[in-house]
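Nothing fancy with the numbering, it's 1 onward along the sequence.
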Amino acid sequence: MTLRRRGEKATISIQEHMAIDVCPGPIRPIKQISDYFPRFPRGLPPDAGPRAAAPPDAPARPAAASAGRRSPSDGARDDDEDVDQLFGAYGASPGPGRSTARPPAKLPEDEPDADGYESDDCTALGTLDFSLLYDQENNALHCTISKAKGLKPMDHNGLADPYVKLHLLPGASKANKLRTKTLRNTLNPTWNETLTYYGITDEDMIRKTLRISVCDEDKFRHNEFIGETRVPLKKLKPNHTKTFSICLEKQLPVDKTEDKSLEERGRILISLKYSSQKQGLLVGIVRCAHLAAMDANGYSDPYVKTYLKPDVDKKSKHKTAVKKKTLNPEFNEEFCYEIKHGDLAKKTLEITVWDYDIGKSNDFIGGVVLGINAKGERLKHWFDCLKNKDKRIERWHTLTNELPGAVLSD
């Protein structure tokens, strides 16, 4: 003990200041978490072998004698085994007549299937809830995007700004792209939006596939892909809503060769009606869908022209208004051709769709011909109009690249 004079300041060394009164004792290894669960067994310690191998009919040693010959390391080992028995790592302690051998380890029953709903991609990318309805009478496919759960974080804050976009395959382009609004800073967005494709035919329902992608919107760089799913439309029944809850998958490649072979110029919805009151044919240009893009920005500025031929006086031309920067324009315009009902069988209705350009020739997008020389749905539409006076009949028609007899410049 160090003596100091009255008034003298005590000096304490750093060693004395940081000293801790401890009893070191034996150092034990740190136990692993798997030691406490029978589903992930670890082999018995080497020192437990002789005890487990003892025959069940061997005489038990007196407790006092056993305790008298116990070393400190033996006491530490017994404490460890008591903890293991408490948590079930090695099973219950053996009683008289019972063997201490462990049964074979069983695999966990709740192990997720790698190909099932709990796959790694599902856990990482999230799930999407949506429903599809094919309205056969109106040739429309209604896609209701409900919500997503557990999306993959894409931003630095651990969240995302998700939106959903739709494409029809083959032939994915801006013409058949639909998208929802963007929801900010969430991994569990709820949209409840219905997106509609118009001009969908029974043939489309057989050969087309709907691609649904979830993306993250970024203001200052390209939007990022999160996950997607694809639904063959042939799985849907007409006029029956089908609900899906699907795990998102990684991006799948698109067959570019197939896209080009089945490329289309677009669809047009036309209404025909012979009016007895006006003594003429009423031609309605309702809307177009999935038009080909003709401008550098990936869109077109479409308008529609109609002719009733033969047109000797060249007075049958009618033209709709121009719709700017769209591939799915809605016109809702109607034109009247004064003609006797009996003369319609000799006429042909030519309808062409154009892209309006300033300072140069307008681009031809596609056309369709209705009349006595037409085929398939075009011929059927014309006959239905002639047979049903004063009845408005609407039909979707596919635009063709070439139109015989049409003027290819405006």
Side-chain angles (χ1 to χ4, degrees), residues 135 137-142 168 173-178 194-201 204 264-275 278 280-295 297-309 311 314-339 347-358 361-371 374 377-378 381-382 384-385 390-401 403 406-410:
D135 184 353
E137 181 179 357
N138 297 311
N139 296 103
L141 176 64
H142 303 288
L168 284 176
S173 64
K174 287 187 178 181
N176 59 39
K177 172 188 171 182
L178 300 176
T194 299
L195 308 175
T196 302
Y197 281 106
Y198 295 99
I200 301 298
T201 63
D204 293 328
E264 296 178 352
R265 307 297 289 180
R267 312 281 176 86
I268 185 169
L269 179 58
I270 304 169
S271 69
L272 298 178
K273 173 185 175 182
Y274 185 82
S275 174
K278 295 183 178 181
L281 176 67
L282 302 180
V283 179
I285 305 300
V286 184
R287 69 191 308 154
C288 294
H290 318 155
L291 293 180
M294 308 302 291
D295 296 337
N297 60 4
Y299 294 95
S300 294
D301 301 320
Y303 67 95
V304 179
K305 293 192 302 181
T306 65
Y307 295 89
L308 191 61
K309 294 187 175 182
D311 182 19
K314 296 184 178 181
K315 294 181 179 179
S316 68
K317 174 183 174 180
H318 290 283
K319 184 190 298 186
T320 68
V322 177
K323 302 296 181 180
K324 295 290 185 179
K325 196 179 178 182
T326 178
L327 301 177
N328 298 281
E330 188 170 353
F331 298 100
N332 290 321
E333 297 188 36
E334 192 173 68
F335 310 118
C336 181
Y337 291 101
E338 293 184 3
I339 186 174
K347 295 289 185 178
T348 297
L349 179 65
E350 293 183 358
I351 300 174
T352 56
V353 183
W354 299 79
D355 168 54
Y356 178 76
D357 288 321
I358 299 176
S361 299
N362 297 330
D363 299 318
F364 174 71
I365 297 179
V368 63
V369 177
L370 305 179
E377 284 296 321
R378 294 169 291 170
H381 194 185
W382 188 253
D384 288 345
C385 173
D390 300 313
K391 183 179 180 180
R392 189 171 186 264
I393 301 175
E394 283 188 359
R395 296 281 167 79
W396 280 95
H397 298 283
T398 300
L399 299 176
T400 58
N401 292 323
L403 185 59
V407 181
L408 296 183
S409 63
D410 191 17

Results of side-chain hydrogen bond (donor to acceptor under 3.5 Å, both in side chains) for E394 - residues two or more places apart only: R392

Is there side-chain contact between [X] and [Y], with at least one heavy-atom pair below 4.5 Å?
X    : Y    : answer
V304 : I351 : yes
R287 : W396 : yes
D363 : D357 : yes
T196 : L141 : no
T320 : F335 : yes

Any side-chain donor near an acceptor of the partner, T194 and H142, under 3.5 Å: no

Donor on one side chain, acceptor on other, Y337 and T306, under 3.5 Å: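 Side chains of Y337 and T306: pair found under 3.5 Å.
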
N297 side-chain N/O to Y299 backbone N/O, donor-acceptor pair under 3.5 Å: yes

Check: N139 side chain, I200 main-chain N or O, donor-acceptor pair, under 3.5 Å: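 It does hold such a pair.
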
Working to the nearest 0.5 angstrom, can you tell me the gap between [X] [atom1] and [Y] [atom2]?
X    : Y    : atom1 : atom2 : value
T326 : L291 : OG1   : CG    : 7.5 Å
C385 : L282 : SG    : CG    : 9.0 Å
L178 : L195 : CG    : CG    : 5.5 Å
Y356 : M294 : OH    : CE    : 16.0 Å
E334 : H318 : CD    : NE2   : 11.0 Å
N176 : N328 : CG    : CG    : 8.5 Å

Compare every heavy atom of [Y] with every heavy atom of [X], then report the nearest pair and how far apart it is.
X    : Y    : answer
Y198 : A140 : CD2-CB, 4.3 Å
C288 : I268 : SG-CG1, 3.8 Å
I339 : K347 : CD1-CG, 3.6 Å
P302 : I365 : CB-CD1, 4.4 Å
L168 : H290 : CD1-CE1, 4.3 Å

R267 bridged to D204 by N-O distance under 4.0 Å: yes

Lys/Arg N to Asp/Glu carboxylate O, D384 vs R395, below 4.0 Å: yes

Full working for side chain to side chain contact (heavy atoms under 4.5 Å, CB included) between R265 and T400: CA-CA 6 Å; R265 307 297 289 180; T400 58; over 6 Å; no

Side chain to side chain contact (heavy atoms under 4.5 Å, CB included) assessment of L272 paired with L349: CA-CA 10 Å; L272 298 178; L349 179 65; 3.8 Å; yes

Residue pair V286, F331: steps toward the side chain to side chain contact (heavy atoms under 4.5 Å, CB included) verdict: CA-CA 5 Å; V286 184; F331 298 100; over 6 Å; no

Parallel, tilted or perpendicular, as decided by the 30° and 60° cut-offs, for the rings of W354 and Y303: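 Parallel, since the angle between the ring planes stays under 30°.
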
Parallel, tilted or perpendicular: ring planes of H381 versus H397, cut at 30 and 60 degrees: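 Judged by the thresholds at 30° and 60°, the geometry between H381 and H397 is parallel.
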
Chi angles and distances behind the side chain to side chain contact (heavy atoms under 4.5 Å, CB included) call for I285, N332: CA-CA 6 Å; I285 305 300; N332 290 321; over 6 Å; no

